[in-house]
Each structure stands twice: as C-alpha cells, then as structure tokens.
Amino acid sequence: MSSVIATTRFSVLDRSRVRAGHDGPQALRDTVALAREAERLGYHRFWVSEHHSVPGVAGSAPAVLAAAVASATATIRVGTGGVMLPNHQPLVVAEQFGVLESLFPGRIDMGLGRSVGFTDGIRRALGRGKEDADDFGGQLGELLGYFDGTQQAHPQVHARPAEGLAVPAFVLATGKGARIAAEAGLPLVIANVRGEDAMLRAIDDYRAAFRPSARSERPYVVVSGTVAIADSTPEARRILLPEAWSTAYSRTRGEFPPLTPAEDVPTSTMTDRERALFEEALRRQVYGTEEEVADALEKVIGHSGADEFLVTTSTYDRTALLGSYRRLARLAGLDAASGSEDHGRPAPRG
C-alpha cells in the first residue's frame, strides 16, 4: 500500500439507486444494509443523497434516511452528500440536523449542495426556481448562523435544538461552490465532472482563497468518484456498465432510469451520441484489479492532495458492489485503521 493511500480517509456515498425489477423501498433498505457493511469494513463516513421525482433514485429525503442509517450503525459518521440547500428553508435544515446530532451525538455530518430540482416541474413543486441557487452563499450563512446563534436574517428566531451544537458542514462544489466553501472556511467535496484539469484548478482556487474558520482551520478536500475493483479489469468494468448507461440515457432522453443488469446494457444498439456519453462516463471512473486501482488512486490523490476519497459506486449487481467495497477496504488498509479517527492527517471537526 502506498503512503498516499495509507494516509487518506475513505468514505462512502450511496445514492439509493433503484434497480430494474426492484422498487424504491428495496433501494432504501439496500442503502441501510450497505452502511452496516461500510462500518464493518472501516470506512470513515457514510453519506446519502437528495433527488426529487427521479425514477432511478429513491433517496428523496436525506435527513430521514440519514436517521435510519445512524440507527442501524454504531460508530461510522453519517451524513448527506448532500442536502440541496436552495430546495429548503435554512431554518428547517438546521432543525433537522439539530435533531440528528442530538440523537446521534458526534456522528453527524451536514454535506450541502447548491443544485435545485432537475426539471421545471420539480422546481415548481418544491416552490423553487433556478435563481434560488444564486443565493447559496447567503443561505449557507443563515444556516450556519442558526447553529452558533449569529443569524440575523430572521431576528429572534432560533433553531431548536440545533443552536449550540457542532455539526461539521461540507460544501459540494458545483459552479461557484468551491469559492463559497473557501470564503466560509468549510471543507470542500468535489468530483471529476468536467475533467481532471478543471477539478484540480477548482481545488487550487479553493486552497488559495480559503479563510480559516471556527469550523475548519485549514483547507480540507474530499474528492468523490466511482471505484470498482474485481479479479480482472473486464469484470471491474462490467460493474460500471449499468450506471454508465443510465447516465448516457438521462443525458439524451431527460430521464434517469433504474439500473439494469450489465448484460442488458445495449452496447450494440446505442446511437452515436449515447455511445459517446457512455464511454465518457466510463473514462472518468477508476476500475480494475486491486493493483490497477491502487495506481490510479495514488495518482488522483497525489495530484489533488485530497485528504479524503468519497466512493460513489452504484451498480445493479449488489454482490459485485459489496465485493468491490471489501477489496477497496483491504487495499486502503481500512480494517487495520478502523479504530483510528485521523488516518494520519489533520482534519476539520468530524
């Protein structure tokens, strides 16, 4: 194991993906079961996501799902990746996480994003518009102010029981998110969505603009991405086919469908655009044998200087998925490090 990987925290984000032939409730139960396994393997955090009116994703209420995950586990940190703050009133989010932290003290994370609903119809149902994402910085400041008692947007309003509690906050980088995280002095969560060069530039900008705060004295970077490990490279690639096809389908047809078995992915009948998007989705993932993945992760972590890697793998085959997470835990030495909170690096609270 390289020293770079050995000193990096590894965590899990599960999107509660619906699988063909299975329903949304089963996807949520699968998420809770995966959280138990992630804890047993020594992963540092387990996060859940927020999506609304998406056929292929069951995770629509992350605070509720986080409560179920925290109830089913005992030591792993639990949080959101993330709550999309423009979809909600900051007071309500503060109250939800105040309750979570009160019930599961010292284990709750508050990952926050600036995206709004996927379509105009969803945004109208949520009572939000695209413009609501423009005030993410203000919404974030109000939310954090409810915890430390400094918010002035609504004088004499207090978030109970959140006020006075310390819940670590993270900002998911989309668009201006990296700069907002830096100005607020918060950890950054970022993915290779627009290419590695763009990701690395955003990380550099974040570190350069970072303002130390009571929540984080130094920049803290969490790189998120898909990782699949199997006995062979083709087997690992096969794990990623359902999600890659679902992504290509969503970008060409406007709907994110349930995951299908790998053998049902229509590799021979894709349109040229679908194939291009499908191959692009695969290129940005890390997959292969343990040795190949170790080399790839060492490069990603080394180039980015990431403090933590958030694994976001989804697939139809749950057995293959669990096997991949077990192999990654072994590769990263998580079994031996499961009792350690710092993995050798300084970090924000949590």
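For this chain, numbers begin at 1 and follow the sequence in order.
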Please evaluate residues Thr150 and Asp148 with respect to the criterion side chain to side chain donor-acceptor pair (under 3.5 Å), reporting the C-alpha separation (whole Å), side-chain torsions for both, the decisive distance (0.1 Å), and the verdict. CA-CA 6 Å; Thr150 63; Asp148 61 22; 2.5 Å; yes
Before giving the answer on side chain to side chain contact (heavy atoms under 4.5 Å, CB included), spell out for Val78 and Phe104 the whole-Å C-alpha distance, their side-chain angles and the decisive distance to 0.1 Å. CA-CA 9 Å; Val78 176; Phe104 309 100; over 6 Å; no
Apply the test side chain to side chain contact (heavy atoms under 4.5 Å, CB included) to residues Leu144 and Leu186: give CA-CA distance (whole Å), side-chain angles for both, the deciding distance (0.1 Å), then the verdict. CA-CA 11 Å; Leu144 298 179; Leu186 295 176; 4.0 Å; yes
Gln96 and Met110: side chain to side chain contact (heavy atoms under 4.5 Å, CB included), yes or no, with the steps? CA-CA 10 Å; Gln96 290 172 343; Met110 185 168 58; over 6 Å; no
Go through the steps to decide whether His44 and Glu308 satisfy the test side chain to side chain donor-acceptor pair (under 3.5 Å), and finish with yes or no. CA-CA 9 Å; His44 183 61; Glu308 186 169 339; 5.1 Å; no
Determine, stepwise, if the pair Leu165 / Ile108 fulfils side chain to side chain contact (heavy atoms under 4.5 Å, CB included). CA-CA 11 Å; Leu165 298 180; Ile108 300 301; over 6 Å; no
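Once rounded to the nearest 0.5 Å, the distance linking CD of Glu235 with CZ of Arg237 reads 13.5 Å. Taken from CD in Gln156 to CD in Gln151, the straight-line distance is 10.5 Å, to the nearest 0.5 Å. The distance from the CG atom of Asp317 to the CZ atom of Arg238 is 8.0 Å, given to the nearest 0.5 Å. Residue Ile239 holds its CD1 atom at 11.0 Å from OG1 of Thr226, rounded to the nearest 0.5 Å. The distance from atom CG of Asp135 to atom CZ of Arg114, rounded to the nearest 0.5 Å, is 10.0 Å. The distance from atom CZ of Arg36 to atom CD1 of Ile76, rounded to the nearest 0.5 Å, is 12.5 Å.
Of the charged side-chain nitrogens involved, at least one lies within less than 4.0 Å of a carboxylate oxygen, so that Arg123 and Asp120 count as a salt-bridged pair. Using a 4.0 Å cut-off between charged side-chain N and carboxylate O, Arg284 and Glu280 make a salt bridge.
Counting non-hydrogen atoms of neighbouring residues, nucleotides and ligands closer than 6.0 angstrom, the CD atom of Glu263 exceeds 12 such neighbours.
The ring of Trp245 has its center no closer than 6.0 angstrom to the ring center of Tyr316. Taking the centre of each ring, Tyr43 and Tyr325 come in below the 6.0 Å mark.
Within the 4.5 Å cutoff, the side chain of Phe46 has heavy atoms near those of the Leu34 side chain. Proximity of His303 to Lys299: side-chain heavy atoms (C-beta onward) are separated by under 4.5 Å at one or more points. Arg107 is listed as a side-chain neighbour of Thr73, based on a closest heavy-atom distance under 4.5 Å. Using a 4.5 Å heavy-atom threshold, the side chains of Ser304 and Leu200 count as touching. Side chains of Ser324 and Ile229 form a contact here, defined as non-hydrogen atoms less than 4.5 Å apart. The side-chain heavy atoms of Leu277 and Thr247, taken from C-beta on, include no pair separated by under 4.5 Å. In this structure, the side chains of Pro219 and Tyr206 come closer than 4.5 Å at one or more pairs of heavy atoms. Leu41 places none of its side-chain heavy atoms less than 4.5 Å from the side chain of Leu334.
At a cut-off of 3.5 Å, with distance as the only test, no side-chain donor of Thr312 or Ser224 sits close to an acceptor on the other residue. Side-chain atoms of Glu50 and His88 include a donor-acceptor pair closer than 3.5 Å.
Between Ala27 and Arg17 the shortest heavy-atom distance is CB-O, 3.5 Å. Between Phe170 and Pro187, the shortest heavy-atom distance links the atoms CD2-CB, 3.4 Å. The heavy-atom pair separating Gly177 from Val171 by the smallest distance is O-CG1, 3.5 Å. Across all their heavy atoms, Arg179 and Ala209 have their closest contact at NE-CB, 3.6 Å. Across Arg218 and Asp307, no two heavy atoms sit closer than the pair NH2-OD1, 3.1 Å. Taking each heavy atom of Val167 and Phe147 in turn, the nearest pair found is CG2-CE2, 3.7 Å.
Judged by distance alone, the side chain of Gln285 and the main-chain N or O of Ala228 form no donor-acceptor pair under 3.5 Å. Distance alone, capped at 3.5 Å, places no donor-acceptor pair between the Gln26 side chain and the Arg19 backbone. Using a distance-only test at 3.5 Å, with no hydrogens or angles considered, a donor-acceptor pair links the side chain of Glu101 to the main chain of Gly106. Asp295 contributes no side-chain N or O that, together with a main-chain N or O of Glu292, makes up a donor-acceptor pair within less than 3.5 Å. No side-chain donor-acceptor contact under 3.5 Å links Ser16 to the backbone of Leu28. Side chain of Arg128 to backbone of Pro86: a donor-acceptor contact under 3.5 angstrom is found. Under a 3.5 Å cut-off, the side chain of Arg207 and the backbone N or O of Ala182 do not form any donor-acceptor pair. At least one donor-acceptor pair under 3.5 Å links the side chain of Ser246 to the backbone N or O of Pro257.
Val157 belongs to a hydrophobic cluster whose remaining members, ordered by chain and number, are Leu91, Tyr146; membership requires side-chain heavy atoms of ILVMFWY residues under 4.5 Å apart, directly or through intermediates.
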